[in-house]
Amino acid sequence: MNKLTHQFWAKAVAVFLFAIVTLLALFSFAGIMAGLSFTRGDLAYTEYWIRSIGYTASISMGWVVAAALLFTILSIALFVFLLSSAGKRRGSEEFHLSRLDRVPFDLLLTIVLFAYFALFAGMRGISDLYFTPLSLLPAGALTAAGILLTLMLFVTFAARVKTGTLWRNNVIAYILVFSWRLLAGLFRNLSLLWKGILVYLAFGLLCMWLYSSAMHDGAAVLLFLLVTAAMLAALCFAALQLQQLQEGAQALAGGDLAHRIDTKGMHLDIKAHADALNGIGDGMRIAVEERMKSERMKTDLIANVSHDLKTPLTSIVNYVDLLQKEELGNDTAKGYVEVLSRQAQRLKKLTTDIVDASKASSGAISVSLTPTDVKEILHQSLAEYAERLAAADVTPVVRIADGLPSILADGRLAWRVMDNLLNNALKYALPGTRLYCDAAMQGGRVSLTLKNISREPIGVPAAELTERFVRGDSARTSEGSGLGLSIAKSLMELQKGELKIDADGDLFKATLCFTVA
Amino acid sequence: MHHILICDDDHDIVSALDIYLRAEGYTTHLAYSGREALNAVAQNDIHLALMDIMMPGLDGISATAQLRETSNIPVILLTAKSEDSDKVLGLSIGADDYVTKPFNPVEVLARVKSQLRRYTQLGGMQKREQQLVIGGIVLDDAEKTVTADGEIVPLTPTEYAILKLLMEQPGRVFSSAEIYDAVWKGSAVGMENTVAVHIRHIREKLEINPAEPRYLKVVWGHGYKMERGLS
């Protein structure tokens with residue numbers, strides 16, 4: 001910055017010139033006064049040299065007035081320059097505070113006030129002395145000091161206004177702010193109950209005071225009404241914000257973790273609570289994301305592992321099949337190959353089931369829910385199993401309530417659920433019994449119930465049957481992976497439905513609940 | 001007899017397929033990478049290729065795509081991935097069929113036969129009047145016969161009527177009730193199950209792998225349809 005207002009030397013010269021010019025202006029005015037006094041004859045009894053000054057001034061009044069005007073204009077110009085340069089510094093666009101500008105303003109004012117008193121006292125002391133032309137020197141010095149002091153006051157005032165520290169940087173302001181913080185801090189740390197009581201007491205006292213003054217003051221009645229209206233407004237404001245908190249909490253509870261409460265305009269406890277709720281939302285969202293990520297990684301891992309399992313399994317299945325076609329000439333060997341074949345098939349089923357189970361539970365399956373006919377899917381599924389059920393001597397009995405609405409389901413997934421349940425019935429139902437398939441409305445949803453009598457006692461609590469690798473027969477001799485019901489349950493959940501398993505003695509009951517379309 | 005290329009980076013799988021195919025009388029060519037497969041096709045008169053997808057270097061998808069630039073022989077993909085998207089990708093770059101690992105050798109043989117029949121025998125066949133053709137399935141309403149890849153499929157009159165209904169409007173989903181009304185010309189209680197069972201029988205006769213049908217599809221919870229747009 002090359003501007004004059006930013007140069008230190010320019011300011012120093014300006015201060016020096018200002019002091020001289022202002023002094024000269026004052027002397028010129030004094031000269032005018034002296035000249036006027038002389039013409040009026042007021043100086044008749046004073047000393048000779050004063051009279052001569054008055055005389056000189058009175059005869060060259062034009063020059064004196066011209067000088068006074070000139071010096072005054074110069075003084076004002078320099079004053080304006082100094083005010084505008086206040087707070088400016090070389091090489092910087094911003095305003096800066098000097099050390100003096102940092103002194104609290106009220107303190108500075110007090111000091112300056114005392115300095116003025118001192119200067120006045122000094123002046124009076126000089127004027128009390130025997131007055132000689134030489135005594136003009138100390139008087140001039142004192143006046144110059146007064147001029148500089150005033151200039152300093154104005155310059156620091158300007159700098160404070162420019163930097164916006166005029167009001168803040170005051171001892172009184174510091175005390176006020178400190179006590180406000182202290183009180184606010186005390187209030188903030190009170191329990192909500194005491195806060196409420198305090199606010200109510202303050203309001204009550206104010207009302208009481210206004211009420212008592214209202215006896216003889218009409219304005220107090222108006223004020224009373226205003227205060228009550230303000231209290232009502234504050235209550236409404238608080239209630240609205242509480243409602244916002246409530247909505248936010250409900251959104252969180254409803255699973256909308258992205259919901260944010262707008263804390264703008266909230267204060268104290270309400271703001272703290274809103275921040276806490278937002279924090280809970282953030283924390284839960286992060287936890288859910290982490291969880292989803294790890295589920296996805298698990299699914300990917302299982303998919304990759306099972307993919308790698310499939311290649312050797314292909315060889316095993318193929319070579320076992322080739323072995324079976326060979327003439328082994330030995331019944332024992334044939335029996336062994338038979339076992340190998342069976343177990344290879346089981347391994348094959350297990351690998352596909354594991355991938356399905358992990359995909360179903362992590363939701364890595366695309367689901368398209370469309371209105372679907374529960375009757376149709378039941379018949380289609382039973383048709384797939386018609387021969388196998390007949391072979392297992394299990395008779396399906398279908399009972400469908402009239403006027404069932406369409407269900408919301410993904411047909412492919414619904415079939416997979418039915419597939420698993422019917423496969424279960426096939427494996428575990430007692431021959432010669434019936435498999436009851438009932439479709440009906442139940443609690444606003446369409447329920448599809450499959451009931452059959454178990455061949456073996458069900459050795460596991462019904463609720464545990466849908467866990468992975470849990471099987472009703474503790475011996476685990478029958479084929480199957482133990483994943484069927486777990487997959488079915490996950491698939492039902494993906495379709496916004498539910499799978500419930502009940503076991504009452506030997507009665508096994510699986511209930512599918514579908515949402516109505 | 002036909003020449004078949006077997007390509008998989010797993011030697012044991014190649015050997016097993018080799019044994020099965022030679023037992024059926026085919027001449028086999030073995031390759032263990034996509035590059036080798038392309039060379040084998042260039043140097044020999046190959047009629048069909050079995051191609052693994054996951055192979056080091058040039059994978060099965062890219063090899064099939066390159067193969068298609070010069071040849072139109074049937075390609076059956078061997079895939080360990082059961083994702084639908086992989087099947088769609090394989091079929092869209094020019095493969096004719098796919099088998100998922102771990103596969104049943106019988107199914108592989110059936111698919112090889114089916115593809116070869118369509119490639120060698122049905123290639124220039126003219127569609128006659130009163131014939132409904134979808135992919136390798138031909139329904140001749142004059143002779144009242146159905147053939148799959150040239151082989152007669154024995155169907156009962158009811159099954160024939162159902163298949164004809166579905167083939168007349170390929171892609172359209174028929175509900176059990178609609179099929180029943182059209183075929184039995186009347187309604188009765190418990191008919192849905194009858195229709196469903198009939199359809200399953202048709203599927204078992206028509207499809208190589210009835211659990212994973214290519215033509216007669218089950219639209220679960222809605223009905224049945226004949227797949228449209230199969231070459």
Side-chain angles (χ1 to χ4, degrees), chain A residues 303-304 306-322 325 344-345 347-349 351-352 355-356 359 364-366 370-387 396 398 400 406-419 437 514, chain B residues 8-20 23 52-54 78-86 99-109 173-180 189-201 203-204 210-211 217-224:
Chain A
N304 287 334
S306 72
H307 174 260
D308 287 347
L309 286 176
K310 276 177 188 170
T311 308
L313 196 54
T314 311
S315 287
I316 294 172
V317 169
N318 281 276
Y319 284 97
V320 166
D321 186 66
L322 286 170
K325 287 180 180 145
Q345 291 303 327
L347 197 55
K348 185 175 155 181
K349 174 105 175 77
T351 31
T352 39
V355 178
D356 286 349
K359 274 205 280 189
I365 290 180
S366 63
T370 48
T372 305
D373 187 354
V374 68
K375 203 161 68 176
E376 187 90 39
I377 197 144
L378 182 56
H379 285 301
Q380 286 176 326
S381 310
L382 285 173
E384 294 296 313
Y385 274 85
E387 270 87 24
V398 179
I400 296 172
S406 287
I407 57 167
L408 207 54
D410 183 317
R412 213 166 31 88
L413 302 184
W415 152 244
R416 295 277 301 282
V417 172
M418 288 301 289
D419 189 18
C437 309
F514 288 101
Chain B
D8 195 316
D9 58 328
D10 189 304
H11 288 240
D12 291 335
I13 290 177
V14 173
S15 312
L17 287 171
D18 182 37
I19 296 165
Y20 283 113
D52 184 31
I53 289 185
M54 299 272 278
L78 309 174
T79 164
K81 287 193 176 179
S82 47
E83 308 290 332
D84 287 337
S85 56
D86 292 309
V99 187
T100 46
K101 287 181 186 177
F103 45 72
N104 184 347
V106 181
E107 189 186 340
V108 178
L109 287 178
V173 179
F174 289 87
S175 73
S176 301
E178 280 177 306
I179 296 172
Y180 190 87
V189 182
M191 45 78 189
E192 291 96 337
N193 210 1
T194 321
V195 171
V197 172
H198 276 292
I199 298 249
R200 210 190 82 247
H201 289 156
R203 226 168 63 222
E204 275 162 8
K217 298 240 164 122
V218 188
V219 186
W220 297 100
H222 293 273
Y224 302 91

Q: Test A/Leu313 against B/Lys101 for side-chain contact (heavy atoms from CB on, under 4.5 Å), laying out the working first.
A: CA-CA 8 Å; A/Leu313 196 54; B/Lys101 287 181 186 177; over 6 Å; no
Q) For A/Thr370 and B/His222, what are the C-alpha separation, side-chain angles and deciding distance, and is it a side-chain contact (heavy atoms from CB on, under 4.5 Å)? A) CA-CA 10 Å; A/Thr370 48; B/His222 293 273; 3.8 Å; yes
Q: Using the side-chain contact (heavy atoms from CB on, under 4.5 Å) rule, take B/Phe103 and A/Val317 through it: C-alpha gap first, then chi angles, then the decisive distance, then the call.
A: CA-CA 8 Å; B/Phe103 45 72; A/Val317 169; over 6 Å; no
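In this structure, chain A has a heavy atom under 4.5 Å from the side chain of B/His201, while its backbone stays farther away. Looking at A/Ala386, the atoms closer than 4.5 Å to chain B (heavy atoms on both sides) sit in the backbone and in the side chain alike. For A/Pro396, no part lies near chain B; criterion is any non-hydrogen pair under 4.5 Å. For chain A, no part of B/Val108 is nearby; none of its heavy atoms comes within less than 4.5 Å. With a threshold of 4.5 angstrom between heavy atoms, B/Asp12 approaches chain A through its backbone and through its side chain. With a 4.5 angstrom heavy-atom cutoff, B/Ile13 touches chain A via backbone and side-chain atoms both.
For the atom pair CG (B/Asn104) and NZ (A/Lys348), the distance works out to 5.5 Å, reported to the nearest 0.5 Å. Here the OG-NZ distance, from B/Ser175 to A/Lys375, works out to 9.5 Å after rounding to the nearest 0.5 Å. A distance of 7.5 Å separates OG1 of A/Thr311 from CG of B/Asp8, quoted to the nearest 0.5 Å. Here the straight-line distance linking atom CG of B/Leu17 with atom OG1 of A/Thr314 works out to 9.0 Å at 0.5 Å rounding. One distance of note links CD of A/Glu387 with CD of B/Glu204; it measures 6.5 Å at 0.5 Å rounding.
For the side chain to side chain contact (heavy atoms under 4.5 Å, CB included) test with B/Trp220, the passing option among A/Asp373, A/Ile377, A/Thr372, A/Asp410 is A/Ile377; the others fail.
With sequence neighbours left out, the side-chain contact (heavy atoms from CB on, under 4.5 Å) criterion links A/Asp419 to A/Tyr385, A/Trp415. Taking B/Lys217 as the reference, B/Glu227 meet the salt bridge (charged side-chain N to carboxylate O under 4.0 Å, His left out) condition, with sequence neighbours excluded.
Formation of a donor-acceptor pair under 3.5 Å by the A/Glu376 side chain with backbone atoms of B/Ser176 is found in this model. The backbone N or O of B/Gly221 sits less than 3.5 Å from a side-chain atom of A/Gln380, completing a donor-acceptor pair.
Scanning both residues, B/Ser15 and A/Tyr319, for their nearest heavy atoms gives CB-OH, 3.1 Å.
Contact count versus chain B (heavy atoms, under 4.5 Å) is highest, among A/Leu309, A/Leu322, A/Val374, A/Leu413, for A/Leu322.
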